[in-house]
Amino acid sequence: METGEPSTAYRTCPLCEATCGLEIKLEGERITSIRGDADDVFSHGFICPKGSALRALHEDPDRVRTPLIREGDGFRAASWDEAFALIDAGLAPILAEDRNGVGVYLGNPNAHNLSNLLYARVLIRALASSNVYSASTVDQFPKQMSSALMFGTGTSVPIPDIDRTDHLLVLGANPLASNGSLMTAPDMRGRLRALRARGGKLVVIDPRRTRTAREADEHHFIRPGTDALLLFALVATLFEEDLADPGERIGALCTGLDEIGELAKPFTPEAVAPVTGIEAAQIRRMARELAAAPTAAVYGRIGTCTQEFGALASWLVDVVNILTGNLDREGGAMFPLAAAGASNASGAPGRGRGARFGRFSSRARGLGELFGELPVACLAEEIDTPGEGRIRALITISGNPVLSTPNSERLAAAVAELDFMVSLDVYVNETTRHADVILPAPSPLHRGHYDLALYQFAVRNVANYSPPVLPPDPELPDEGVTLLRLSGVAFGMGPDADVAALDAGVARTLIGRELQTAGSLIAGREADDVMSALEPRVGPERLLDLMLRSGPYGDGFGAHTDGVALSLAALEAAPHGLDLGPLAPRLPDVLRTAGGAIELTPELLVADVPRLHEALARTPADGPVLIGRRHLRSNNSWMHNLPVLVKGKSRCTLHVHPDDATRYELTDGALARLRSRTGTVEAEVEVTDEVMPGVVSLPHGWGHSAPDTQMTVATQHAGTNSNVLSDELLIDAVSGNAVLNGIPVQLAPAG
Ligand SMILES: Nc1nc2c(c(=O)[nH]1)N[C@H]1C(S)=C(S)[C@@H](COP(=O)(O)OP(=O)(O)OC[C@H]3O[C@@H](n4cnc5c(=O)[nH]c(N)nc54)[C@H](O)[C@@H]3O)O[C@H]1N2
Ligand SMILES: Nc1nc2c(c(=O)[nH]1)N[C@H]1C(S)=C(S)[C@@H](COP(=O)(O)OP(=O)(O)OC[C@H]3O[C@@H](n4cnc5c(=O)[nH]c(N)nc54)[C@H](O)[C@@H]3O)O[C@H]1N2
Ligand code: SF4
Ligand SMILES: [Mo]
């Protein structure tokens, strides 16, 4: 390597949910090119501009490469020991007094990081604090909640069988920009074109005519926040026209079939049309076409989750999938079977413990727990509201909540008042600039990769492990090591806990749990034998090997020799990944509900229907509402420091329909002032009929103008932080998820 020898490495891109295979050419340790891996079993060479920007990220001079310790208004480089001594001194006394005094926020890149997926939960257990927050409550928890209520686990999300469906109805997603979410599918453009080329139909429901909408056969503007009404009208039509038919196999598994028909009755197409903005005749036709298509799938994403009726809309997407006979059949909405970590493939098949929510509540507002977390919309108030149980110290892990979560200004002010803050991150940005200690993370090229989370949602069953492209950087320990060391602090072991011992403990716990699991492939083995069979692996690779080998395709440590007989070694021998086949029907085995049924009408969701009923009677607001959008060359808040991605004209513009431009006296290129209950921002206007009248759109993740950050390029392309306008009090009542789409704003020319 040292000699500058040319070599080629294969690695899955960790930047979005598409999991594209990359072909990385090197000379010694210097990257010479990053391209799509033509032989990748899933992405077949597809890549987007962010994938090749991994090189710019790796080389970014602003990337944090040593621990940083606050000194005055800035930071100074420090050793790991010094940093951990300070962390222990900062956290231990607070933890000794009140576990809830330390909060933690987990950001999006954790979902793409094997170590963090495996070891952040160790830290969370060690902290034993109720104050656990993540990007999931500005994102997909409403969908995971409805899935858990209907099917029994939060990862039992029906995924459109995109490669075989005849009809795809997309609500509130723009996979041509986002590359897909809760639908891991590299090359969405290719897949959607193939759908149409085989005679299938693509329908998009979005307040904007997106890139995806432009590829579609049909696009309908919808008023933000009204998808649940539209979906209920589809349900009402299916019943009214005698088209509701889950099929014999699925019907026999469902409870609540009659009830759902009754619940839908008031939401006729005629009743919802004026509120949604979609004509009744169109809604009826959509319902008929969904029912008539040989196979069909309904898919909703950010636009259906981060809105006022996020849980109801997420639920009704699957109700329509069920009532049109498309659940769990080829070409419909199906359950992937991931090779590792699939909670709906573990234990006795067909029933389980079901889902429970609200096991505890937030202190100030009483918002209910979900999946062990509290809604991030209440993070600021948990810091700035005095009294017992207040968050006094915060740990952020791959997160930039100051830009990404509602009411940024309140959160920024709250975070600045913390007694102590530590961030595990790669930049000094809007959030981490408030930290007392920043712990750096290695570049993706220095670590192994396996998409433990995203394969739960993939449109094909695949498994791909990438070894580190470059040897570990001795100055930058794997994040698993850092997280275990932080866990040591949280466990009260001080700043120098024996990380190897903690890691072995984690492996033993996981083995113990697996051995206790009914029907486990490795049932009856001795824990010690399993532990030695995993040698000499340690860290995330040891845990992954265990999960693969005891998973649904596993070799069971020799118990299974036929079939794929998966192990980490098998994946290491397959640098382009292993294709485990198209999605296959999994009902009833996939179910983990307490009664072993598909719960079509979970109580928690049914209880929210009256709120939706009230929305029917509403006259649409006269003023504009704000929604977001994504761009292919951007990734939430953190890739704006890479010149290759931010060059060209500003992407952080306010999309305004020509009618609204006239009405509010705004001109293209001029600055508009936007005001909401929580704040005021200015943004450059882009007049376009791609957005519907009465709706304006501003992307999130911008606004890099805070002082004392260290992002030279991003600062020059600062843009506007849209989350100054998102209101922490606007939440989906069921899930507590933030409303980031459909925020009432006032609009005027700036100045
Ligand atoms: N208005 C509005 N707001 C939104 C959304 C929206 O649609 N509209 N979308 C929401 C959604 S879906 C999400 S997921 C959130 C995202 O919100 P967050 O997850 O809070 O923020 P990110 O912008 O993804 O920031 C990621 C952070 O991780 C750091 N990082 C990057 N790579 C690594 C790494 O390898 N290790 C470590 N330790 N750190 C790393 C970056 O420097 C950055 O600080 O934003 C949400 N906010
Ligand atoms: N390039 C890029 N890719 C990304 C990301 C990124 O920031 N940049 N972020 C990643 C993350 S963290 C996520 S969660 C995914 C998100 O993946 P997607 O959900 O596909 O992301 P968006 O492009 O935000 O698409 C949401 C769409 O919902 C529309 N919308 C807004 N409000 C409503 C509404 O009330 N109803 C309906 N029907 N539509 C509405 C918006 O106009 C937008 O087109 O993308 C991931 N991929
Ligand atoms: S689509 Fe996503 S996974 Fe594929 S190269 Fe782009 S950022 Fe990476
Ligand atoms: Mo997200």
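As the structure lists them, so they are numbered: ligands from 1, and atoms in each ligand from 1. FYI, side chains are in, hydrogens and waters are out, and symmetry mates aren't considered; it's all heavy atoms of this structure. This is a predicted model, so every value here is computed, not measured. Start at 1 with the first residue, then count along the sequence.
- Residue Leu439 holds its CG atom at 9.0 Å from CG of Leu68, rounded to the nearest 0.5 Å.
- From Arg191, atom CZ reaches atom CG of Asp163 across 4.5 Å, with rounding to the nearest 0.5 Å.
- For Ala441, every heavy-atom contact with ligand 1 shorter than 4.0 Å involves the side chain, none the backbone.
- Using a cutoff of 4.0 Å between basic side-chain nitrogens and carboxylate oxygens, Arg208 and Glu690 are not scored as salt-bridged.
- Of the protein's heavy atoms, Asn723 ND2, 3.0 Å lies nearest to atom 3 (N) of ligand 1.
- Ordered by chain and number, Cys13 SG make up the set of protein N, O or S atoms under 2.8 Å of atom 8 (Fe) of ligand 3.
- Surrounding CZ of Arg65 are more than 12 heavy atoms belonging to other residues, nucleotides or ligands, all under 6.0 Å away.
- To the nearest 0.5 Å, atoms CD1 (Ile743) and OG (Ser722) are separated by 7.0 Å.
- Summarising the contacts of atom 44 (O) of ligand 1 with Leu483, Ile397, Asp425, the nearest heavy atom is found in Asp425.
- Close contacts between ligand 1 and Asp139 involve ligand atoms 12 (S), 14 (S) [criterion: under 4.0 Å to a heavy atom].
- Looking at Ile302 against ligand 1, only its side chain comes within 4.0 Å, counting heavy atoms.
- Between Ser726 and ligand 1, a contact under 3.5 Å exists for no N or O pair.
- For ligand 1 and Leu424, the ligand atoms under 4.0 Å from any heavy atom of the residue are 37 (C), 38 (N), 39 (N).
- The single protein non-hydrogen atom nearest to atom 36 (N) of ligand 1 is Glu479 OE2, 2.9 Å, given as residue, atom name and distance.
- With a heavy-atom cut-off of 4.0 Å, Ser637 touches ligand 1 through backbone and side chain alike.
- Between His640 and His704, the distance from one ring center to the other falls under 6.0 angstrom.
- Atom CG of Leu484 sits about 9.0 Å away from atom OG1 of Thr482, to the nearest 0.5 Å.
- Between Gly628 and ligand 1 there is no heavy-atom distance shorter than 4.0 Å.
- Looking only at protein heavy atoms, the nearest one to atom 47 (N) of ligand 1 is Ser404 O, 2.6 Å.
- Salt bridge status for Asp206 with Arg301: absent, with no side-chain N to carboxylate O gap under 4.0 Å.
- When hydrogens are left out, the protein atom nearest atom 19 (O) of ligand 1 is Asn108 N, 2.5 Å; that is the closest non-hydrogen contact.
- Numbered from 1 in the order shown, with element, the atoms of ligand 1 that lie under 4.0 Å from a heavy atom of Asn429 read 42 (O), 43 (C), 44 (O).
- The shortest side-chain heavy-atom distance between Arg633 and Lys50 does not fall under the 4.5 Å cut-off.
- Ligand 1 places these atoms under 4.0 Å from at least one heavy atom of Gly399: 20 (O), 27 (C), 28 (O), 44 (O).
- Side-chain polar atoms of Asn400 and Glu430 form a donor-acceptor pair below 3.5 angstrom.
- Of the candidates Arg630, Met711, Gln140, Arg630 brings a heavy atom nearest to atom 11 (C) of ligand 1.
- Remark: minimum distance from atom 35 (O) of ligand 1 to any protein heavy atom is reached at Arg447 NH1, 3.2 Å.
- By the criterion of a heavy-atom distance under 4.0 Å, both the backbone and the side chain of Asn400 are placed next to ligand 1.
- Of all the heavy atoms of Ser398, the ones lying under 4.0 Å from any atom of ligand 1 are found in both the backbone and the side chain.
- Note: Phe141 and Phe371 have tilted aromatic rings, judged against thresholds of 30 and 60 degrees for the angle between ring planes.
- Neither the backbone nor the side chain of His112 has any atom closer than 4.0 Å to an atom of ligand 1 (non-hydrogen atoms only).
- With ligand atoms numbered from 1 in the order given, ligand 1 contributes 1 (N) to contacts under 4.0 Å with heavy atoms of Ser722.
- Close approach to Val426 involves these atoms of ligand 1, each under 4.0 Å from a residue heavy atom: 30 (N), 31 (C), 32 (N), 33 (C), 34 (C), 39 (N), 40 (C), 42 (O).
- The environment of CD in Glu59 is crowded: more than 12 heavy-atom neighbours from other residues, nucleotides or ligands sit within 6.0 Å.
- Protein heavy atom in closest approach to atom 6 (C) of ligand 1: His700 ND1, 3.3 Å.
- Atom numbering of ligand 1 starts at 1 in the shown order; those under 4.0 Å from a heavy atom of Gly107 are 19 (O).
- In this structure, Glu430 does not count as a contact residue of ligand 1, since none of its heavy atoms falls inside 4.0 Å of the ligand.
- Considering only non-hydrogen protein atoms, atom 10 (C) of ligand 1 sits nearest to Val138 O, 3.2 Å.
- In summary, the atoms of ligand 1 found under 4.0 Å from a heavy atom of Tyr105, numbered by their order in the structure, are 17 (O), 18 (P), 19 (O), 20 (O).
- Counting non-hydrogen atoms of neighbouring residues, nucleotides and ligands closer than 6.0 angstrom, the CZ atom of Arg35 reaches no more than 12 such neighbours.
- Between Tyr465 and His449, the ring center distance fails the sub-6.0 Å criterion.
- Note that CD of Gln140 and SG of Cys305 are 7.5 Å apart. Values are rounded to the nearest 0.5 Å.
- Residues in residues 443-467 take part in these salt bridge (Lys or Arg N to Asp or Glu O under 4.0 Å) pairs, two or more places apart or across chains: Arg447-Glu479, Arg460-Asp579.
- Using a cutoff of 4.0 Å between basic side-chain nitrogens and carboxylate oxygens, Glu728 and Arg410 are scored as salt-bridged.
- Residues Met188 and Ile162 have side chains in contact (heavy-atom distance under 4.5 Å, counting atoms from C-beta outward).
- Look at Glu215 and Arg211 and you find no salt bridge, because none of the NZ, NE, NH1 or NH2 atoms lies under 4.0 Å from a carboxylate O.
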